[in-house]
Amino acid sequence: MKRRRGVVLTHAGLKRLQAAIAAVEIAENDGERFTLEELGDRIRVSTKTLSRLWSRNSGLDRRTLHLCFSSFNLDLQSRDYVVVGDLAESEVAPGESPCPLPAQSPRTEIELGSSESSGSLSPPTHWLEASPRPAAAVHPSNPSLSGALPYPDGPVPLDSPFYIDRPPIEALAYQEISQPGCVIRIRAPRGMGKTSLTLRLLTVAEAQGYRTVTLDCNQFDSALLNDLSKFLRSFCLRLAQALHIPPNLEDYWDEEIGSKLSCSFYLKTYLLKQLDAPVVLVLNEIDRFFEHTAFAQDFFPLLRSWYDESRRDLALQKLRLVVVYSTEEYVALDINQSPFNIGLPLRLPEFTAEQVLNLAQRHGLPWGMDEVEQLIDLIGGHPALVRMALYHICTYGLSLSQLVQGAIATGGIFHPHLWRHWVTIQQHPDLLAALRAVALAECGQSILLDPLQAYRLESRGLLRYEGDSRNDPCGNRVLSRCRLYHQYFRQQFMSESPLL
C-alpha cells in the first residue's frame, strides 16, 4: 500500500480556521453557529473527518486540510499544520482529494515543548454542543487515575472545550470590532468570563488582519497614576513597543500644549499613521483607575474624545477600543465626557440551566435537569463557580450531594472565593452594613436597599435584584446572589469570629 505523510493542525492553524468560520457565521448565517453536519456539507467532507481534524489525534491528507481552509477563503500556510507521520491512501475519504494542491512551502519547525507541539487540541467549542464528550476518564475509587482536567483558574483557553457561548454576546462583539472607531465595553463581576470573551474577540480581530494590544491596568505603577503626564508617556511607550514601532516620543511630545494633546497627537499622527491595519486596544481591569479620582477625571474624558473625534478623523477610525471592568462606581464624570455611556455595552449574564447542562455533559457527566437545578440552587449560574464544581466532581469523584453539603456547612470547595469577598468587603463599612442586612434576612426574601449600595454590591456579584436571573435590574429590592452566598455571609455575621 502506497503511503504519504499525514498532517495535523497547529495551534495557529486552528485559531485561523476557527476565526474564519466565525466570521462566515456572522456574515452568512446571522451569527448562528454551523452544526457539524452543515460544516461537512460546506467543505464536502464527512463529519468523521472533521472530528479527526479538530481532535488532532491522527493525521489527514494535506488536500483535505487545504479543502477546509479554501472553503472559508483562507490560503493554507506552512504554519497552519505540521507533518506527523505516514498516512495510508485508504485514509483519504472519498471526495476529499479532488482539489489541486498549492505549491508546498517549507514546513515551519515547531519548537519542542511549545504550545503547538504539545498534546492534542480539543475541537472548536461551538461544534461540541451537539456531541459532548467526556473531558477526562474519571475513576471514582481512585481519583489519581482521573484524566488531567485543567484546574479552572483564570480565562478559558482558546482551544478548551469548556467555553460556553452566551448568545448573542459573542456575535455582537465580533460584528462591532469591524466598525471604524468603535468602543466595546465588557462589564461583569469577577469570574463571569470577561477575559475569556476578550481572548476570543482578539482572535477574530487578528484573523481579519488587525493589530492587537492588551494593557493590564494593574501593571501600571501607582506613582504614574499620581502624575498624568508621566502616565501618558508610559502609555504611549507601551503602545509603541507592543506594535513594534520605534517610540520617538520626543519628536511628538510638547509639554507646552499639555500631555493630553501630546498623547492624542502622537497617537494620530505617528502610531496610527505607521499602520495600514486597524488597531484593537484592550484596557483590561480598568477598575484600577477608578480609585484615583483626579487621574480618572482626566484620563477617561481623553478616551471619550478619541471616540468622538473618530467620527471625522480617518486616522482615529483605525483605533478600536475595548474596555473591560466590573463597575464604574468610584468615578463621577460629566455625561458628555464619560467613555462608559458610548459604544457597545456587553454585560455578561450567568449561565442558564441549559448552558450548565451543556458544560456538565462536556465534562462527561450523565446529568439531567434535576442535577443541574440542584447545582444552580446552590451557586446560581456563576461561570467560575460552576466550572469549579464540575472540576471537583470529575477529578475527586465527589457526588453532587457531598459538594452541596460541604458548601453549605463551611463554604467547601468555594471557601477561597467566598473568603476573598469577605475580606474585600471589610474595607467598605457602608457596604458591609448593607450586606449584613441582606444576609440576615430570610433566604429568598428580598429587602429594599439604598440604590447606590445595591448597585455597588450587585456590581461585585454579591447580590441580585429581585426577579433577576439575567442581570436586568427591576427596582431596588435585592437578595443574595445565591443560596451559597446567603448561607456563608449569614454565618459570618452571626459568628463572633470569622470562619478561617
Side-chain angles (χ1 to χ4, degrees), residues 3-29 31-108 110 115-117 119-131 133 157-161 163 165 170 174 200 203-209:
R3 305 185 70 86
R4 293 203 304 272
R5 302 284 280 173
V7 297
V8 296
L9 280 172
T10 62
H11 182 65
L14 176 62
K15 287 174 62 178
R16 286 187 69 221
L17 186 55
Q18 281 184 272
I21 293 173
V24 172
E25 288 170 336
I26 292 170
E28 300 181 11
N29 205 37
E32 292 293 325
R33 295 163 301 186
F34 294 131
T35 65
L36 204 60
E37 290 74 16
E38 289 171 335
L39 282 171
D41 291 342
R42 185 184 184 97
I43 301 171
R44 291 179 289 130
V45 298
S46 66
T47 56
K48 180 179 178 181
T49 297
L50 282 179
S51 297
R52 289 171 56 206
L53 176 69
W54 309 138
S55 69
R56 297 177 71 230
N57 287 328
S58 58
L60 293 172
D61 186 270
R62 194 164 67 93
R63 288 186 177 87
T64 302
L65 205 56
H66 174 73
L67 193 60
C68 292
F69 275 64
S70 63
S71 297
F72 293 94
N73 301 315
L74 291 177
D75 292 327
L76 183 63
Q77 301 175 4
S78 59
R79 66 188 179 95
D80 294 324
Y81 64 91
V82 61
V83 177
V84 293
D86 289 336
L87 174 70
E89 289 286 352
S90 60
E91 289 183 284
V92 182
E96 293 177 8
S97 59
C99 185
L101 279 174
Q104 169 103 23
S105 302
R107 181 169 64 88
T108 302
I110 305 299
S115 61
E116 294 186 359
S117 64
S120 63
L121 292 177
S122 302
T125 58
H126 59 272
W127 299 315
L128 285 169
E129 294 189 10
S131 55
R133 60 183 176 85
L158 288 170
D159 55 7
S160 170
Y163 182 79
D165 281 345
E170 286 81 6
Y174 302 158
R200 284 150 181 83
T203 299
V204 170
E206 289 168 357
Q208 297 180 49

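Residues passing the side chain to side chain contact (heavy atoms under 4.5 Å, CB included) test with Ala207, sequence neighbours excluded: Ala19. In this view, Ser71 and Ile43 satisfy the side chain to side chain contact (heavy atoms under 4.5 Å, CB included) rule, not counting sequence neighbours.
A heavy-atom distance below 4.5 Å is not found between the side chains of Gln18 and Leu158. Looking at heavy atoms from C-beta onward, Leu39 lies in side-chain contact with Phe72 at the 4.5 angstrom threshold. Two residues are said to be in side-chain contact when any heavy atoms from C-beta on lie closer than 4.5 Å; Arg63 and Leu67 fail this criterion. Residues Arg16 and Leu74 have side chains in contact (heavy-atom distance under 4.5 Å, counting atoms from C-beta outward). Using a 4.5 Å cut-off on side-chain heavy atoms (C-beta onward), Leu65 and Asp80 make no contact.
Atom CZ in Arg42 sits 5.0 Å away from atom CZ in Phe34 (nearest 0.5 Å).
Between the side chain of Thr10 and the main chain of Val82, no donor-acceptor pair closer than 3.5 Å is present.
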